[in-house]
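One structure below.
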Amino acid sequence: MKRKIVHPAPSARALSGPNYWRSLDELQGSPGFQAQLEREFPEGASSIDGVDRRNFLKIMAASFALGGVGMAGCRRPETRILPFGKSVEGYIQGLPIYYATAMPLRKSAFPVLAETHQGRPTKIEGNPSYAPYGGGTSLIAQASLLDLYDPDRTTGHYQNGAKIDAAAVNQILSSLNEKYSANQGEGLAFVATESSSPTRARLVRELHKKFPKAIWSEYEPISDEAPLEAAQAVFGKSVKPVYQFGKAKRIVSIDSDFFQSEAGSVFYAREFAKGRRVTSKDDDMNRLYVAESSFTLAGSMADHRLRLASSHMLAFAAALAAKITGDSSYDKLAQGLDIKAGWIEECAADLSNNKGRGLVVAGAHLPAAVHAITYAINASLGNIGSTVEFLEVAETKAKSLASVTAAIAKGSVSSLVILGGNPVFNAPADLAWANAQKSVGEVIRLGYRLDETALLASVNIAEAHYLESWGDARTVDGTIAAIQPMINPLFGGLTEIEVLARILGESETDSHVLVQSTIGKLTDGSSTAFDRFLHDGILADSSYPRVPVEYNGEGLAELVAKAPKHVALSKTNLEVRFAADSKVDDGRFANNGWLQECPDPITKIAWDNAIWISPRLAKDLGITSKGSALQVVRDETEEFEKGKQMARVAEITLDGRTIRGPLHIQPGLSDYTIVIPVGHGRTHAGRVGDNIGFNAYPLRASHAMAFATGATLTLTGERQVLANTQEHWSMEGRDLVREANLSEYRENPGFVKEVGMESESPSDIGPEGEKMTLAQRNSEIPRGNSLYKTPTFDGVHQWGMSIDLNTCIGCNACVVACQSENNIPIVGRDQTIRGRSMHWIRLDRYYSDGKIDGAAFGGAGNHEIPEDPQVSLQPIGCMQCELAPCEMVCPVNATVHDDEGLNVMAYNRCVGTRYCANNCPYKVRRFNYFDWNDKKLDSLYMGPLGEHGMPELVQMAKNPEVTIRMRGVMEKCTYCVQRIENGKIQWKVQATREGRPGDVAVPDGMINSACQQACPTQSIVFGNLLDPKSAVSIAKSREQDYALLGYLNTRPRTTYLARLRNPNPRMPDYKSLPLSRIEHDIKSEGSAEKSAGSEKKEAKS
Amino acid sequence: MAHASEHSAPAILSEVKPASLPRAKMVDNDRDFAWITEKICGIVEGKTPAWWWWCFGVACFMACFTVAGITYLVATGVGVWGHRSPVNWSWPIVNFVFWIGIGHAGTLISAILCLLRQKWRTSINRAAEAMTIFAVVCAGIFPVFHIGRVWYAWFLFPLPNYNVIWPQFRSPLEWDVFAVSTYGTVSVLFWYVGLIPDLATLRDRFALAGRETRAKIYGFFALGWRSSARAWSNYEMAYLILAGIATPLVLSVHTIVSFDFAVSLIPGWHTTIFPPYFVAGAIFSGFGMVLTLMLPLRAIYKLEDLITQYHIDCMCKITLATGTMVGYAYAMEFFIAWYSGNPYEGFTFINRAFGPYAWAYWIMISCNVITPQFFWFKSVRNNTTFVWVLSLFVNLGMWFERFVIICTSLTRDFLPSSWGYLSPTVVDIFTFFGTFGVFSVLFLLFIRFLPLMAMAEIKGVTPQADPHSGHNPHA
């Protein structure tokens, strides 16, 4: 258990004052009460005996059932009701308690801290005890909280459609045990998801012992770890790679989106950012080469990006290997590769010049052969042991889903147990899983929802959410993380290990006991060790052993033989790349409104998936933008009509299977690869996820799970509107995201000052202001030439934020973290289409291709969507302007400045003129057009006739420290003012207790905004500007620091650190300036002469 | 003009024949006082014509759209309108500025022309003032109901409250509250003071006709007017003072409305040209609306002798002048956008003319810049039907001017990531449509129950009122 609160010692007055007792029993000192006190509330949860802790949780939850905090109606109260108010030692009403737990996902887990308010978890944060993740989290981990309170989750166990109680479930499970104990499990089959849980592994081992003839299979529609067979083949060991991006100076990604879709992405992103961050011109900076078919976050960060079909990655890897290892046997594999001359040569040379400091990674979805070649390259470069480590993992004995269908087809399966997963929805089309499942007599399914698979099961057992479960899991490097419940299962759900233990007929089936016994075997078995485990959330030194490996290429040929053959792609022979959706993953999070509403970081499409096609393919299909003769901006009218993305609907046919979906023309895709995010198009996900997007699984066969060639695409002539949150993709040559190449930065570290409007106007803070220190500038208000009197900034702190565009990877974790922390409502698909999404922080995504040409400005007019753009990302929340344009236009004083520099909103005072939102140049203010919280999203327009009232379960997810805003009120980022105030109070209490009552300046790092806390790359820094040593002051003192639209003299407290790119001058696609800068220079200088000039200069040198 | 002063040198010419420049007649056909009284009072006293009932029914029906739209809006949320981020103001504010602009002509005619002793104002000032008041009523609907929580609209007024929170006086919206309410109050007062002698006339006539109830009602509002010389003297002074008070208001209201935009920092709004440009535009649209209303009235009630061709000429010329000013302002905006060298500003104006709302921009240009140019031609000014059609275009153009200013600037401002496109909803359209009904209801009631023209004043500008009428002043 992790406790962030510090409890005040009793004051002298309390000790000497009158005595209070909690009951007559206490007054009498009756032994019963004493015992109860000791048993239930021992000092500090970290030393609680585990069993009692569970009871403690039960009680806690139960007391709220009576208290009506939101549990009423969910569950019958437990027998023992204790008042919660004063009785839990150390608990202070209103202060959250943080518990360590972990969110399991496939073969890894995110160690997290769950913030609980009065027994209900309200926010997920990263667990800083786990150093590799360093407190960072991912989008999915942040949003997982909402699933706990999903009103559409299973609320009970069912048998043939009728609700059954827990005893009946136990009966069913133990009868399975009885039935199959006799025949060693003949006829019993399991389909489970992948898991890293040591307890489950232990139970599965026992299962194999007890039911040797039972089939245990594991199925995941998406793989996020390198296939073990690759390592097995070339190292002869069962090992998996873990990458040390922090140590790598030259990184080549072969179709690997290690920022998002690979296991351990939080760790990788964090380490990558370490190598990316440049604080002075002497700093080294890593260089990222990406070859990819789709457009991923890794691609958006790339210094050199090569668009290449996934099916050509084998040839690419081989060509790279040939150059690096000098082994000509690779040449044959590389045949047919058609890429820009010199790309591979220079990339290989760069890697070879950085031996031991380079890293080549391959995407988890690629065939084992590619991974094997990648290992060969890394081995040849001496990267193994430095930037790539191999960890020994147990070989899995799990069968494939296909083997289960084969057994079912033979009629040899009489009982099928499905543990989690949703195979009816996401199994490969060729397995015809739904039919197979239907033909089994008894199907027992443990599931979180009554989903597609549940409908075809005879028994449905409700599964517990990880926040209400005991369990364990391993992180990407194998460190064991604790999963402990924050709350009693809301609907009596069981965990996977409980179900397994019951089927196994274990004497003890309580998951807590099961976990404790697993951990007990790994530690000295003491309860202290277990408590330590729970407190830290991770088991120290429990990672998989790092083992040395020796490359031998013997098994490579076999892998290559299995890999799909290289074929040339064309308009009639397309490659389809099936990728996990960036938000709903494989579909499991489809009913999560936070995730659905979060725009995809690349396409910016929320609430939908789309068939991504390249601009080249679009042109081949006859989709060409005509534009107007006098066009003003980069043209996109073909796709956007009146601000709405009107996507063409197309049909894709692959091996006789066809699906339909809307097209999204995506710059940067490999020409003839179409990317389809899977996971959408659910029919039984729940009210949020049903019938959102289209289902791509019916197109996918088991032999080509990640990509397949031979697809054709035909337009149907229909159009469909997509909820795209960003209509315009070009920065239009504006100075919004300022970028430079590392070489320019080294020559001129202050280049940001020479870009944009400020460079051409006098300083807004005047010459005196320029001489001031950062702290002075933010508290003494240099007037510059301003006529306006500013607020007094005489608070003890002056809050500010710095966002490093150089390390922001656009993962969206901050967006959902903010949503969770600040009770930001979801508005639904329809309202998102109407441009009313409510996110307080958003990620702006711009493409640039170095051309900027509007016909209305005398150019030829640019109708082309770039085929190979660079991406610039920019997270934008309220800038907390010192001279806030929103404040001076509010007629009712609803938005005002406080003395610590926050631009605060008084929701009660707001009448909703929306003038502030108009006058905000950053467009970060969000308006409650409807009662999003009170009204059902499908009856917003029904007014008082529509249903209203927030489901009780959803109410529980709300942060009690943040107001729920009603309709007609403006809202925006507050720098998490509730966290600031909490931090100030805590610090004051602590300082007073320590005898420093006047010490009210909160030390740096004590207050973290939600976005900052979630950021895996630590790109967001928040703190006190008056403290010159605070991280934010240091960041803002760097020369790359600039204010967005600074020329407006708004003096934003959030500033940005310019983005740097580190291209290799020898590469064929080298540009001496980032493309967005070229566009900017053309637009502001009237020509690209400056850019072209410097390019020439560089070429000479 | 060519009068020689007493001490001037002897004329060079042996004989001076000054050109004869006859003053335009304010009342044609030498109508006498009785005819004027009979004509104007007759409209009120006569039987309600059938067309009035038809018009009134249609107007009431139209007004229901506004009532229904507003009811739905308040019950459901501002989301029923087409607003979105980044276009947080759209139709309602366009409509507000449109109606407020229309309201300008009335006070201009009554106050400024009164101070400038423009006698032609007398035939049209009453109706124009009524139009002003009704337009302000229509305008007032929008800013009140466009806010998110209309039940807290009183937060905008400086009312004592226990939280001691005052409105924010730096906000142009707050200035609006005072500017519009002052303007509305003074306009009503001005209109009413002008009505008093005519109400007394009606009272007396109804009393003579034995219609006691009406006589009492008119008598109540006539405030005991007995047409004494002293009363006239006080009346004239009061009227003059009110004209003095109202004159700066004509300029201030739309100046302050323009501050809603000019004070902000949005490219396309943030311009110092706005105050004069908005005032010119408002007068332009106001005269457009006066023409739209008066020409049919003139035809229906056969008021050609009172609203003469000269009056129409004057109004057309003012429309031409202000329309040209507005056109000049459009050109200056472009010039300054280029001359300032600010790329955001430059983009906004290019975007207006050639961007997604180019259609709206060119409607605005054709209606506001090209239409009034027809008024250079006397033949056009003499063609009443054509003038009326042109006045409709002026009204249309001025609505689009506000639309262009508000919507094109907001849809594409600083960050291209936030750009959007505004499409109105049915509720937007119906609510606006309904305000024409509200306006018509009020105006129809006005022409039915109140003297359409200031009888006393018209009599004052007839030749008969001149003690020297019939004499040659130069003889």
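Residue numbering restarts at 1 for every chain, and letters A, B, ... go by the order of the sequence lines.
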> What part of B:Phe347 is in contact with chain A, defined as an atom under 4.5 angstrom from a non-hydrogen atom: side chain, backbone, both or neither?
Replying inline: both
> In terms of heavy-atom proximity below 4.5 Å to chain B, should A:Tyr941 be classed as side chain, backbone, both, or neither?
Replying inline: both
> Under 30°, 30 to 60°, or over 60°: which ring-plane class applies to B:Phe414 and B:Tyr344, parallel, tilted or perpendicular?
Replying inline: tilted
> Does any heavy atom of chain B fall under 4.5 Å from the side chain of A:Asn908, the backbone, both, or neither of them?
Replying inline: backbone
> Heavy-atom distance under 4.5 Å to chain B: side chain of A:Met757, backbone, both or neither?
Replying inline: side chain
> Side chain, backbone, both or neither: which part of A:Thr1050 has an atom under 4.5 Å from a heavy atom of chain B?
Replying inline: side chain
>> Checking side chain to side chain contact (heavy atoms under 4.5 Å, CB included) between B:Trp175 and each of B:Val263, B:Val180, B:Val257, B:Asp260, which is the one that passes?
In response: B:Val263
> So what's closer than 4.5 Å to chain A heavy atoms on B:Pro86: side chain, backbone, both or neither?
Replying inline: both
>> Looking at B:Ser409, is its backbone amide N or carbonyl O close enough to the side chain of B:Thr348 to form a donor-acceptor pair, meaning the two atoms are under 3.5 Å apart?
In response: no
>> For chain A, which candidate among B:Trp166, B:Tyr421, B:Trp89 shows the most heavy-atom pairs at distances under 4.5 Å?
In response: B:Trp89
>> Between A:Cys890, A:Pro885, A:Gly943, who has the most heavy-atom pairs with chain B when the cutoff is under 4.5 Å?
In response: A:Cys890
> With a 4.5 angstrom heavy-atom cut-off, which part of A:Arg845 approaches chain B: side chain, backbone, both or neither?
Replying inline: neither
> Just checking, any donor-acceptor pair under 3.5 angstrom between side chains of B:Ser90 and B:Trp81?
Replying inline: no
> Among A:Val892, A:Val889, A:Asn918, A:Asn919, which residue forms the greatest number of heavy-atom pairs with chain B at distances under 4.5 Å?
Replying inline: A:Asn918
> Who wins among A:Leu1044, A:Val911, A:Leu1045, A:Thr725 for the most heavy-atom pairs under 4.5 Å with chain B?
Replying inline: A:Val911
> Under 3.5 Å, is there a donor-acceptor pair linking the side chains of A:Lys972 and A:Asn903?
Replying inline: yes
> Can you say whether B:Ser423 sits under 4.5 Å from chain A via the side chain, the backbone, both, or neither, judging by heavy atoms?
Replying inline: side chain
> Does any donor atom in the side chain of A:Gln645 or A:Asn724 lie under 3.5 Å from an acceptor atom in the other side chain?
Replying inline: yes
>> Counting only non-hydrogen atoms closer than 4.5 Å, does B:His83 touch chain A with its backbone (N, CA, C, O), its side chain (CB onward), both, or neither?
In response: both
> Is the shortest distance from a Lys or Arg side-chain nitrogen in A:Glu727 or A:Lys642 to a carboxylate oxygen in the other one below 4.0 Å?
Replying inline: no
>> Can you tell me how the ring of B:Phe155 sits relative to the ring of B:Tyr152, calling it parallel under 30°, perpendicular over 60° and tilted otherwise?
In response: parallel
>> So for A:Tyr915, is it side chain, backbone, both, or neither that comes closer than 4.5 Å to the heavy atoms of chain B?
In response: both
> Under a 4.5 Å heavy-atom cut-off, does chain A meet the side chain of B:Leu73, its backbone, both or neither?
Replying inline: backbone
> For B:Tyr357, is it the side chain, the backbone, both, or neither that has a heavy atom closer than 4.5 Å to a heavy atom of chain A?
Replying inline: neither
> In terms of heavy-atom pairs under 4.5 Å, which option from A:Arg834, A:Gln831, A:Arg734, A:Gln726 contacts chain B the most?
Replying inline: A:Arg734
>> Taking every non-hydrogen pair under 4.5 Å, which of A:Pro944, A:Pro921, A:Gly733 racks up the most with chain B?
In response: A:Pro921
> Is chain A contacted by the side chain of B:Phe145, its backbone, both, or neither, given a heavy-atom distance below 4.5 Å?
Replying inline: neither
> Does the side chain of A:Thr895 pick up a donor-acceptor pair with the side chain of A:Arg925 at under 3.5 Å?
Replying inline: yes
>> Check the orientation of B:Phe354 and B:Trp362. Use parallel for under 30°, tilted for 30 to 60°, and perpendicular for over 60°.
In response: tilted
> Quick one: of B:Ile165, B:Leu156, B:Asn351, who has the most non-hydrogen atom pairs under 4.5 Å with chain A?
Replying inline: B:Ile165
> Relative to the ring of B:Trp399, is the ring of B:Phe403 parallel (under 30°), tilted (30 to 60°) or perpendicular (over 60°)?
Replying inline: parallel
> Would you call the rings of B:Phe274 and B:Phe278 parallel, tilted or perpendicular if under 30° counts as parallel and over 60° as perpendicular?
Replying inline: tilted
> Given that the side chain runs from C-beta out, which part of B:Val427 has a heavy atom under 4.5 Å from chain A: side chain, backbone, both or neither?
Replying inline: neither
> Which heavy-atom pair separates A:Arg914 from A:Met970 by the least distance, and what is that distance?
Replying inline: CA-CE, 3.6 Å
>> Below 4.5 Å, heavy-atom pairs only: which of A:Gly643, A:Gly835, A:Ser837 has the largest tally toward chain B?
In response: A:Gly835
>> The test is side-chain contact (heavy atoms from CB on, under 4.5 Å); show your working for A:Leu843 and A:Ile876 and say whether it passes.
In response: CA-CA 6 Å; A:Leu843 279 157; A:Ile876 294 193; over 6 Å; no
> With a 4.5 angstrom heavy-atom cut-off, which part of A:Arg836 approaches chain B: side chain, backbone, both or neither?
Replying inline: side chain
> Are side-chain N/O atoms of B:Glu401 and B:Tyr330 paired as donor and acceptor at under 3.5 Å?
Replying inline: yes
> Which region of A:Leu945, side chain (C-beta onward) or backbone (N, CA, C, O), has a non-hydrogen atom less than 4.5 Å from a non-hydrogen atom of chain B, or is it both or neither?
Replying inline: neither
> Do you know which of B:Val177, B:Asp176, B:Val87, B:Ile266 has the most heavy-atom pairs with chain A at a distance under 4.5 angstrom?
Replying inline: B:Ile266
>> Quick check on B:Ser418 against chain A: is it the side chain, the backbone, both or neither that has a heavy atom closer than 4.5 Å?
In response: side chain
